[in-house]
Each structure stands twice: as C-alpha cells, then as structure tokens.
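For reference, the structure is listed below as structure tokens.
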Amino acid sequence: MLRRPHVLAFPYPAQGHVIPLLEISQCLVKHGVKVTFLNTDYNHKRVVNALGQNNYIGDQIKLVSIPDGMEPEGDRNDLGMLTKTMVRVMPEKLEELIENINRLENEKITCVVADGSMGWVMEVAEKMKLRRAAFWPAAAGLLALSFSVQRFLDDGIVDDNGTPVKQQMIQLAPTMAAIHSSKLVWACIGDFNTQKIVFDFTIDNNETIKKAERLICNSTYDLEPGALDLIPEFLPIGPLLSSNRLGNSAGYFWPEDSTCLKWLDQQQQNSVIYVAFGSFTVFDKEQFQELASGLELTNRPFLWVVRPDITNDAIDAYPEGFQDRVATRRQMVGWAPQQKVLTHPSIACFLSHCGWNSTMEGVSNGVPFLCWPYFADQFLNESYICDIWKVGLRFNKNKNGIITREEIMKKVDQVLEDENFKARALDLKETSLNSVREGGQSDKTFKNFVQWIKAEASVQVA
Ligand code: UDP
C-alpha cells in the first residue's frame, strides 16, 4: 500500500483567501494527495455553519482549527490587529497541531501550503523539516509591488511608516497595472496604525516568504506577463475556478442563497447587472442609497449581493419605496454562489469591488466590469481591468466623495452599449481558460506542483 503525501493547507483568515486555497486543496485531493485544511477557530465555525447539513467537504478534507489569539468578540476586520495577534500566538499552536497530527496519523504531514501573506508559517515548516509552498491569492503584481518596498523607501516615495510622501504613479513594468502611490496596499487598508502594522509586516514578510520552496499564485502568464517576469520563481496556476474540476466552490463564511440562480434562468440573456462587493466592503447609508437609486435608474434587471453586514443599517437603508419600485426586476441575496452566477448567460456585467478572486472569476467568464474598489489591492486590480485589459470602466466620485446615481447609470450604459468591452472580455476569457485546460500553462504548472509534493513523499509500507 502507498502512503499518500499529506498537505496541511493554511489560508490567511479572510474569505478571499479561504475560498481559493480550498479550491487548490480539492484539486490536490483529486490528484491523490491527502489534505488537512486549517482555519482559525473563528472561521472554522463559520465555514462549518455555512455548509450546514451539506458538509461534503468534510468527506474529502479534514477541517481543523487553532485559535487566532483575538478575543472572541474582537474585530477581525481590523486586519492590522489580526495580523499582529496571529504572529504572536499562532506559530506555537501550529507546531503543536502538526506534532499531534503526525503522532496520531499514519499518513504524516509532509508539506505545508500556506498563504503567502503569512511567511512566518514557512519558518515553522522549515524548522519542522517539512516541504513548504506559499500560495499568493492576489495579483502577482501585488507581490511585485510588495517586493519593491525598499526601492520605494530609497526613492523617497514612502516614509518609514509607509506613508506616501511623493504623489506619483507607479508602474513596475509596461504590461503591469499602474497605481498611484496613495493607493499602495498598506496606504489604503485602514487608519494610520493599521497602515504602519501592514507596512512593517510587508517588510518582514518579504524575508520570510523566501523560505518557501514553491510560490504559486492565482494568475496566468497571459494576464500578468510583466509582473510574472519580475518574479521568475512565481508559478501561476490560475484561474482557480471550481468549474475547472466540475465541482462547487466552498469555504463560504455566509450560507449561500442559490435561489438567485432560478431567478437568473427567468431573465433575458445578457441583461442582468450582477452587483457584489466581496466580503469586506461596507457602505455608509448615503452611498448605499445612492447605489440603490443608481441601479433603479438603469432600468435594467439586477442581482445585488447585500451581505448582512454591508452597512450598519441595511434593513432600513434602502431609499423609501425602492423595494416596491424595482420589485419586478431585482433580486437581492445575502451571499450568492458567485462563480455559478458569473457563468450564467443572463449576466451582462459585473459591478464589482475588484477583489482579485472576483476579478479572476469575472475575467474567466467574459463579463465586462464596472469597478468600485473599496480598499487594499482592489485599486491595482481596477487598473488591470480598466487600463491594461480594457474590459471595464471605473466610476468617478463627485466633489463630496460620492459615486452618484447618474454616474452609475451612465457607466452601466456605456459599458453595455459599447460592444468592444464584451468582445475584449470574451477574448480574455478564452486566453485565461486556455491556460487551465488540459495541456495549458497553468494546468502543466499545477501538475508539476503536484509531482513536487509527491516526490519522496510516497513511502511503501507493508
Ligand atoms: N463570493 C461569493 N458570493 C458572494 C460574494 C462573493 O461566493 O455573494 C466569493 C467570490 O466568488 C470570491 C470571494 O467570495 O471568490 C471574494 O473574494 P474577493 O477576492 O473577490 O474579495 P474579498 O472578499 O477578499 O474582498
């Protein structure tokens, strides 16, 4: 009998990190690798609760957890605090967990695949003499920018706190998205404190991530040639989509509401605006109402994901009478099966916050974008969409910092009436899907990655 190689997969504790790593985990299982998936206790409960009775993941992958070090009621959307606390508490817990598993199980953990923003996990894995790979769930371009921190300091673009002191555009390579210095990831992730923590952490992480023996990412060479040329060791295996293995996407923190798929079946082809802002974005009441009024003004059907926590008072945040006025052409859900929604033929465009997963999912389905970035790397992704791939439009804010209903209507009309957006989006879909098809570049890279995991891990036992 052959002992399988055993991977411990460990995402950063945020929705957009859990989903793609669980996708990779399911692909690894398909290739004969045993996977144990590690969440923080807090997220583990959410994932298991959201799966409910239908915990099919648990049949293939053991779901385990360790504490993140935060108080039970701590604000886990405070990424600075979360990141700082985790590094203090989790390395020891992680080591204990691996030791326990390896004491009890026949198929011992041979390899750790952890989020690239947690380089400290690579240190633990190295210490324990395990194979180690880092998975980067964001754009390759974001890591290229992170690796350039020292240069930004040397050139006086940012100060020691990461505060942008020179106001300028930054473009590391001609085919890479350009961003303004004020939109560097740490500079738009929260208050000054958070900025400083994330900036310092980026500098540390640039070192610890080097301990990874493999560095994989959810991208393709065709989408990001410039960024990938800058980091030759990067191995793109994207786009990571559950449809590649004819399965469902999993790891949701909120229960999915799939009734919207039936509603989409009743809509005309290429007619619906899909509106979703990922897992972090929050709106104040004024902007939320303006968005609702903008959608109303478009006179088009729309499917809008309104997470329970998207605004402090979502229930009565809608403009008066809005629900009745749009009743025949709208669907609102708390959490959609987004990957399935985006493959639906009735979807015409994606009004998105431009998280990297959403970006890859929209691109892989040939759907033009309307970009509404909220924080962190989403401005970089917006620039890829609008300036490099030219498959979407950005919104402009008015002098009060609001995206108005008229601006929303105007840009929706513009992106849907100019057929070039759809044509380019379909080209990009073909290119990105080619890479994950049998024999494509991402497909080959992933299979090589599996071989690397398997090498020397299979041991003949009696
Ligand atoms: N997502 C989903 N249903 C929703 C909204 C989002 O399944 O209603 C998924 C989406 O498909 C993506 C992830 O949640 O895989 C969000 O990741 P992304 O990087 O786009 O944004 P983040 O949440 O990290 O800001």
Side-chain angles (χ1 to χ4, degrees), residues 11-26 43 46-47 50-51 57 76-77 79 82-83 115-117 135-142 185 188-190 217-219 238-244 247-261 263-264 272-283 302-310 314 331-344 347 350-365 367 369-382 384-385 392:
Y12 182 82
Q15 180 69 98
H17 296 240
V18 172
I19 294 173
L21 190 55
L22 195 49
E23 183 55 42
I24 293 176
S25 300
Q26 293 183 80
N43 287 343
R46 297 181 79 183
V47 167
L51 280 165
I57 293 294
R76 287 165 174 84
N77 283 351
L79 296 179
L82 178 64
T83 303
D115 202 283
S117 61
F135 165 57
W136 188 254
L142 183 69
V185 66
C188 45
I189 207 161
C217 65
N218 183 13
S219 191
L240 290 165
L241 302 166
S242 56
S243 52
N244 294 344
N248 291 324
S249 147
Y252 294 164
F253 290 177
W254 292 269
E256 85 177 52
D257 181 346
S258 46
T259 53
C260 56
L261 296 173
W263 180 82
L264 286 175
V272 175
I273 311 168
Y274 174 55
V275 187
F277 297 92
S279 57
F280 273 97
T281 311
V282 280
F283 287 90
F302 59 88
L303 166 59
W304 183 8
V305 178
V306 184
R307 283 190 341 266
D309 57 350
I310 201 160
Q331 181 85 341
M332 262 89 86
V333 292
W335 190 256
Q338 179 164 301
Q339 294 195 22
K340 284 201 184 124
V341 166
L342 285 168
T343 59
H344 200 286
I347 297 295
F350 184 8
L351 199 166
S352 169
H353 73 309
C354 309
W356 186 249
N357 293 293
S358 296
T359 302
M360 293 302 280
E361 290 159 8
V363 160
S364 312
N365 284 294
V367 180
F369 285 83
L370 291 146
C371 299
W372 190 310
Y374 172 66
F375 82 155
D377 59 332
Q378 295 157 10
F379 301 93
L380 176 74
N381 306 340
E382 173 189 58
Y384 267 123
I385 292 168

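As the structure lists them, so they are numbered: ligands from 1, and atoms in each ligand from 1.
A heavy-atom distance below 4.5 Å is not found between the side chains of W356 and W136.
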I'd like the atom pairs linking ligand 1 to the protein - N or O on both sides, separation under 3.5 Å - with distances to 0.1 Å.
unit_1, atom_1, unit_2, atom_2, d
ligand 1, 3 (N), W335, NE1, 3.4
ligand 1, 3 (N), A336, O, 2.5
ligand 1, 7 (O), Y252, OH, 3.4
ligand 1, 7 (O), A336, O, 3.2
ligand 1, 8 (O), A336, N, 2.8
ligand 1, 11 (O), Q338, NE2, 3.2
ligand 1, 11 (O), E361, OE1, 2.6
ligand 1, 11 (O), E361, OE2, 3.2
ligand 1, 15 (O), E361, OE2, 2.7
ligand 1, 17 (O), N357, ND2, 3.4
ligand 1, 19 (O), W356, N, 3.4
ligand 1, 19 (O), N357, N, 3.1
ligand 1, 19 (O), N357, ND2, 2.9
ligand 1, 20 (O), S358, N, 2.9
ligand 1, 20 (O), S358, OG, 2.5
ligand 1, 21 (O), H353, NE2, 2.8
ligand 1, 23 (O), S279, N, 2.7
ligand 1, 23 (O), S279, OG, 2.5
ligand 1, 25 (O), H353, NE2, 2.9

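Residues F280 and Y374 place their aromatic rings such that the two centres sit no closer than 6.0 Å.
Evaluation of the side-chain hydrogen bond (donor to acceptor under 3.5 Å, both in side chains) rule for T259 yields D257 as partners, not counting sequence neighbours.
In this structure, N381 contributes its side chain and M360 its backbone to no donor-acceptor pair below 3.5 Å.
Counting only N and O atoms by type, the side chains of T83 and Y12 include a donor and acceptor under 3.5 Å apart.
Taking the six-membered ring where the residue is Trp, F277 and W372 present perpendicular rings, their angle passing 60° and hence far from 30°.
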